[in-house]
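Before any comments, here is the structure.
Quick note on labels: first sequence line is chain A, next is B, and so on, each numbered from 1.
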Number of protein chains: 2
Amino acid sequence: MTVVEGMAIDQYGARQRILDSTAELVIEHGVAGVAQRQIADRVGIRAASLYHHFASKNEIVEAVFRRGIDVMEGAWDEAADATHGADPYPRLAAHIRAHLSALFDHGPYTAAHVSAFRTAPAAVRDAVVPMRDAYEARWTGLLGELAADGELANGTPIGLSRLALFGAMNTTVEWFDADRGNLDELAEVITRQFWNGVAA
Amino acid sequence: MTVVEGMAIDQYGARQRILDSTAELVIEHGVAGVAQRQIADRVGIRAASLYHHFASKNEIVEAVFRRGIDVMEGAWDEAADATHGADPYPRLAAHIRAHLSALFDHGPYTAAHVSAFRTAPAAVRDAVVPMRDAYEARWTGLLGELAADGELANGTPIGLSRLALFGAMNTTVEWFDADRGNLDELAEVITRQFWNGVAA
DNA sequence: GTCTATACCACGATAGAC
DNA sequence: GTCTATCGTGGTATAGAC
């Protein structure tokens, strides 16, 4: 457990709990649908006390989204390290599994990001877009490599294929229950379907 | 142009414009992010005048969602009629094209439904769920038929496959620009990817 | 670092004139 | 069928005590 420099431990803890609560609420109701009172209630403080930690609601939401992207990037790096020089299918499978891990295994941040980003005010969205783009570029890069190696069907439109894959992965936050379902199984189904399709 | 029984033409027109405006706004901002004043502004009336046509904001939103489902069902029926007895691939392709048509070619209702449903109050969601389920059951039925005919790979998990396909189709509302892109092409890419995958 | 109190505004909704 | 006017509520945000 690291402590951010210049911050007391309990202060960092409060920040954490605020971000956690906001992320959870925003997944279900969208950004505009969540009041600061609701966030404060979950944390166990009064709404006004949020302003000791953040300058505005938008700042809280932006921090949630940024962290959601950090989590995805971290998961990507782990998968990349683990599959250095591996075959195309296991490599792809590892990255899909990592993305789903980011959505379900590392807090509510990535799920909040993918499900509520569109409902955020333009100012928040604009501030976060460069980070989003960087993550998406990693995926485009991976698929581009596979195409260059002749692993993809001729004429596969990489941009569209990536978007379709993202759609399949990201909408799982709307229906997949991490407590009941098996994440490995889910990852395998999505990977196989993306790679081979469903046809006999 | 049909006229709803017992309603004057201009009244029906106002209802329409209210629903149109609401659907468009809700796609971008989520339900909670749209104020009745914004809706009224688009229609060119005052917020209070909305209450001549609807009893509450929730009622407007619910009507938008219901209509979004009606549009999808209509598109499904057309595709089903046109592909009676056809081969599996063209049949599936027609239904995917129809779903995308519902999202982009028949007003903002279906797009509003798929992108903002989660952000609606529970009362609205509960009222609409049965209609959603009926539409989803059509898809499950189609995939089940294909499986029974041996057209799907052994062990294909129909429920999960359908959800992944829905994810790919429905998230297009977040990035596809119907004015610039080619919807036939988009439908074909999604169909081929679902059926055959991207592997060489 | 959290509290109470409050300012200010936007929201959904209603009443009643035209 | 739309308007003006208004009510009550709940939103973000600030001031200042503790």
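When the P atom of D:dG11 is taken as reference, atom CG of A:D41 falls 10 Å away, rounded to whole Å. A:R46 has its CZ atom 9 Å from the P atom of C:dA5, to the nearest Å. The separation between A:I45 atom CD1 and C:dC3 atom P is 6 Å, rounded to whole Å. With rounding to whole Å, A:E59 atom CD is found 15 Å from D:dT12 atom P. In this structure, A:I18 atom CD1 and C:dG1 atom C1' are separated by 10 Å, rounded to whole Å. Atom P of nucleotide D:dT2 and atom CZ of B:F54 are separated by 12 Å, given to the nearest angstrom.
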Protein-to-nucleotide contact annotation, 5' to 3' order, nucleotides 11-18 of chain C [B base; S sugar-phosphate only; - none; under 4.0 Å, heavy atom]: BSBB----
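Residues satisfying the ring pair (Phe, Tyr, Trp, His ring centres under 6.0 Å) test with B:F176, not counting sequence neighbours, are B:F104.
Side-chain contact check for A:R66 versus A:E62: some heavy-atom pair is nearer than 4.5 Å.
Under a cut-off of 6.0 angstrom, the local environment of CG in A:N154 is sparse, with at most 12 non-hydrogen atoms contributed by other residues, nucleotides or ligands.
The side chain of A:H53 places an N or O atom within less than 4.0 Å of a non-bridging phosphate oxygen (OP1 or OP2) of C:dT2. Residue A:S49 places no side-chain N or O under 4.0 Å from the OP1 or OP2 atom of C:dG1.
A donor-acceptor contact under 3.5 angstrom links the side chains of B:R97 and B:S101, judged on distance only. Between the side chains of A:R132 and A:H113, at least one donor N or O sits under 3.5 Å from an acceptor N or O.
At a threshold of 4.0 Å, the pair A:R118-B:E28 does not count as salt-bridged, since none of the basic side-chain nitrogens sits closer than that to a carboxylate oxygen. A salt bridge links A:D77 with A:R138; the closest basic N to acidic carboxylate O contact falls under 4.0 Å.
The C1' atoms of five pairs define one axis at each end of the helix from C:dG1-D:dC18 to C:dC18-D:dG1, and these two axes lie 10° apart (to 10°).
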Chi angles and distances behind the side-chain hydrogen bond (donor to acceptor under 3.5 Å, both in side chains) call for A:R67, A:Q16: CA-CA 11 Å; A:R67 177 131 169 209; A:Q16 282 277 75; 2.5 Å; yes
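When each of B:W76, B:F166, B:F194 is checked for a ring-ring contact (aromatic ring centres under 6.0 Å, His included) with B:H99, only B:F166 meets the rule.
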